[in-house]
Amino acid sequence: MHSSSCCCSRWKHCANTCLFLLQHHPCKTSRLSSSYPTICYKRRPTYFSKSPNALRTFCCLTTDASYDKITPRSEDYSNWYLDIIQAAQLADQSAVKGCLVIRPYGFAIWELLRDSLDRLIKDTGAQNAYFPIFIPQSFLSKEAEHVEGFAKECAIVTHHRLVNAGSSTLIPDPEAKLEEPLIVRPTSETMVWNMFQKWIHSYRDLPLCINQWANVVRWELRTRPFLRTTEFLWQEGHTAHATAAEAMEKAQEMLRVYSQLCEDILAIPVVKGVKSPSERFAGAEETWTIEAMMQNGWALQSGTSHFLGQNFAKAFQVYFTDAAGREQLVWATSWGASTRLLGALIMTHSDDKGLVLPPKVAPIQVVIVPIYKSQVEEREQVLHTCQNVLQQLKSSGIRVKLDDRDYIRPGSKYFEWERKGVPIRIEIGPKDVHQQVVTVVCRQGERQKKWTLPNNSSLSIPILQELENIQQFLFQQAKSRLDSKTFSQVSFEEMKRRLLLGDKDAQGFFLVPWKCDAINEERIKEETKATLRCYPLQLQHLAKNAKCFYSGEPATHMAIFARAY
């Protein structure tokens, strides 16, 4: 039997030993009989006779693209991104358009990211809570700018029951119509502030700092995994304060938290800045952002923090009595980061070989691969050594896995774990056992190195150091890219030429003097497809005595323009 005789193009072949069981073939039009199992041995027919567990896995039956070639970034960056997600088994499309299934490996990365951010948030004094996913439609209408900003993205529940209309067709029960439609949560400000009105009475109740981890729904027409999906996971913080100054400080504190998460945990350098009035969060008086640069020079907004003033307090009548006995409206902030950070992680560090993960968010930091030929003597010695190394690394707090699958050859394991971005691979064979060493291979972007270490009680020390080296290397590599692709002293025509060129080397962040003008901002977007990402906090002094690069009038800010996701 040959794979070419199968008409189903979704069958994929691993690089080494393959096994086909035709009774599981998904293609209904196959010319091959599926009435009995047919086994095809490829390359090494004797391998199965040596491996008692060979029948445990049927890798050729999968429709997963994990064995496909990854599209090079230089050829098609968008397809490269999608290929990485599939090859690393991070996520898959669901039956609902625009909604993502996050697979276990992808979710493990999210959990590490989430736990790190949760600790940072709690360190600021915030407490976790949970609010309903359904919001009364009237709540969303109470704050004018807020409803205008989200109205087009809202999903609405109008009935609470279905009935059978015949022929197994279900329809909404006309008698089960809700008195008031419910909005599926696009964000929780309105629900939170309805509760704050019940909880806040005195200055002693302030500040009130609440965070929740939840899912939200924003009905997107054009979606991309992790970056823009109809449903996504995030955290959203909501705080109430006695003074405007205290609220402003909280919003800026949370911006620093997001920056710390990206730079220290995800190894992603960011630019901290303020959004232009046109790009502010709906209902906010000020929005701060962190902007990260992807490998193609595009920007990705990676976290935002908003000073809401007293807008929501007015809408929901949230007052407190101050120390002098006077009734005052509270001041508010909100802030959030989402699973789009997983997209940032992929596009900042990965390469044409697959996913690259900073060790701090790698579900598996070290994978141990045993190598042996003899199924008896060599196997026993090698696996015994591997188990000892496994336990030693585990006891040092390293997330380590022993890949002892004996139905997959070592080369295929290397290939798999490289694609999944595991930072360090340890290879142990009979010679390593005899010489009391281990072979170490590092996965850090385009740079890969291989060397041996003594296999002794101190093995975890150089491994921990190397994990830290990889973390720093990935950050510095991304920082160098950000610095080299931030272009200043460019005219509008030069920026436009570069942005429309289609060459990723010409893309980047354009740091320019700018006079704040919503009409001109929209014109630039129409002409170049670039948006004003932020007014970078540390560079505003450069606007003094400068002329706007677009209008020629005195500049009010230094601004960063870029193409963005």
With [X] via side chain to side chain donor-acceptor pair (under 3.5 Å) - residues at least two apart:
X      : answer
Gln235 : Asn211, Tyr258
Asn79  : Asp76
Thr230 : none
Lys479 : Asp483

What residues form a ring pair (Phe, Tyr, Trp, His ring centres under 6.0 Å) with [X], not counting sequence neighbours?
X      : value
Trp298 : Tyr565
Phe487 : Phe510
Tyr81  : none
His238 : none

Side-chain (Ser484) to main-chain (Ser480) donor-acceptor, under 3.5 angstrom: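 Looks like yes, one N/O pair under 3.5 Å.
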Backbone N/O of Ile364 and side chain of Arg399: donor-acceptor pair under 3.5 Å: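 No, because the side chain of Arg399 does not come within donor-acceptor range (under 3.5 Å) of the backbone of Ile364.
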Passing candidate, salt bridge (Lys or Arg N to Asp or Glu O under 4.0 Å) with Arg73, options Asp505, Asp352, Asp83: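 Exactly one option meets the salt bridge (Lys or Arg N to Asp or Glu O under 4.0 Å) with Arg73, and it is Asp352.
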Lys420 NZ/CZ over Tyr105 ring centroid, <6.0 Å and within 45° of normal: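 Yes - Lys420 lies over the ring of Tyr105, closer than 6.0 Å to its centre and within 45° of its axis.
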Aromatic Trp451 / basic Lys449 pairing, under 6.0 angstrom, 45° off normal: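 Judged by the rule (NZ or CZ under 6.0 Å from the ring centre, within 45° of its axis), Lys449 counts as positioned above Trp451.
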Report the residues that fulfil salt bridge (charged side-chain N to carboxylate O under 4.0 Å, His left out) with [X], sequence neighbours left out, ordered by chain and then residue number.
X      : value
Lys122 : Asp118
Glu153 : none
Glu236 : none

SB check Lys275 Glu291 (cutoff 4.0 Å):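 Salt bridge present between Lys275 and Glu291.
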SB check Asp403 Arg405 (cutoff 4.0 Å):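 Result for this pair is yes, salt bridge flagged.
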Salt bridge (Lys or Arg N to Asp or Glu O under 4.0 Å): pairs with one or both residues in residues 214-230, sequence neighbours excluded: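 Salt bridge (Lys or Arg N to Asp or Glu O under 4.0 Å) check on residues 214-230 returns Glu220-Arg228.
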Between His306 and Ser334, a side-chain donor and acceptor under 3.5 Å: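 No - no donor-acceptor pair under 3.5 Å links their side chains.
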Flag for Arg185-Asn215: side-chain donor and acceptor within less than 3.5 Å: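 There is such a pair (donor and acceptor under 3.5 Å, judged by atom type) between the side chains of Asn215 and Arg185.
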